[in-house]
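For this chain, numbers begin at 1 and follow the sequence in order.
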Amino acid sequence: MRLSKIKRKTKYEKRYSVKMGELTTQVTYIKRYIFGLPVRTLHKYRETYYGKVKDCKDCKITA
């Protein structure tokens, strides 16, 4: 039996970029689970309209 596993989950979020303004994009979270409970987020990224993968640090979540 494995004690830890890593899962990816994609969901839509509203983001704000200085150049583009507000946009709704798919954000993928990579999380580590131990005993089925999420422990920490290892990485999160988003894919642009043109297929490039960007880190989520350049966009801020809107309220």
Legend entry - Sequence-distant partners of K9, side chain to side chain contact (heavy atoms under 4.5 Å, CB included), two or more places apart: none

Inset, instruction - Report the C-alpha separation of H43 and T41 in whole Å, then their side-chain angles, then the decisive distance to 0.1 Å, and conclude whether the side-chain contact (heavy atoms from CB on, under 4.5 Å) test is met. - result: CA-CA 6 Å; H43 187 66; T41 302; 6.0 Å; no

Inset, instruction - Flag the pair F35 / K5 as yes when at least one side-chain heavy-atom distance between them is below 4.5 Å, and no otherwise. - result: no

Inset, instruction - Please list, chain by chain and in numerical order, all residues satisfying side chain to side chain contact (heavy atoms under 4.5 Å, CB included) with T24, sequence neighbours excluded. - result: Y12, K14

Inset, instruction - Tell me, with the steps shown, if I6 and L42 meet side-chain contact (heavy atoms from CB on, under 4.5 Å). - result: CA-CA 9 Å; I6 296 174; L42 301 174; 4.0 Å; yes

Legend entry - From R46 atom CZ to L23 atom CG, the distance as rounded to the nearest 0.5 Å: 6.0 Å

Legend entry - NZ on K11 to NZ on K44, rounded to 0.5 Å: 9.0 Å

Inset, instruction - Measure the spacing between CZ of R15 and CD of E22 and express it to the nearest 0.5 Å. - result: 12.0 Å

Legend entry - For R8, side chain to side chain contact (heavy atoms under 4.5 Å, CB included) partners two or more places apart: T28, I30, Y45

Inset, instruction - Could you list the residues that satisfy ring pair (Phe, Tyr, Trp, His ring centres under 6.0 Å) with Y33, not counting sequence neighbours? - result: none

Legend entry - From NZ (K7) to NZ (K31), nearest 0.5 Å: 10.5 Å

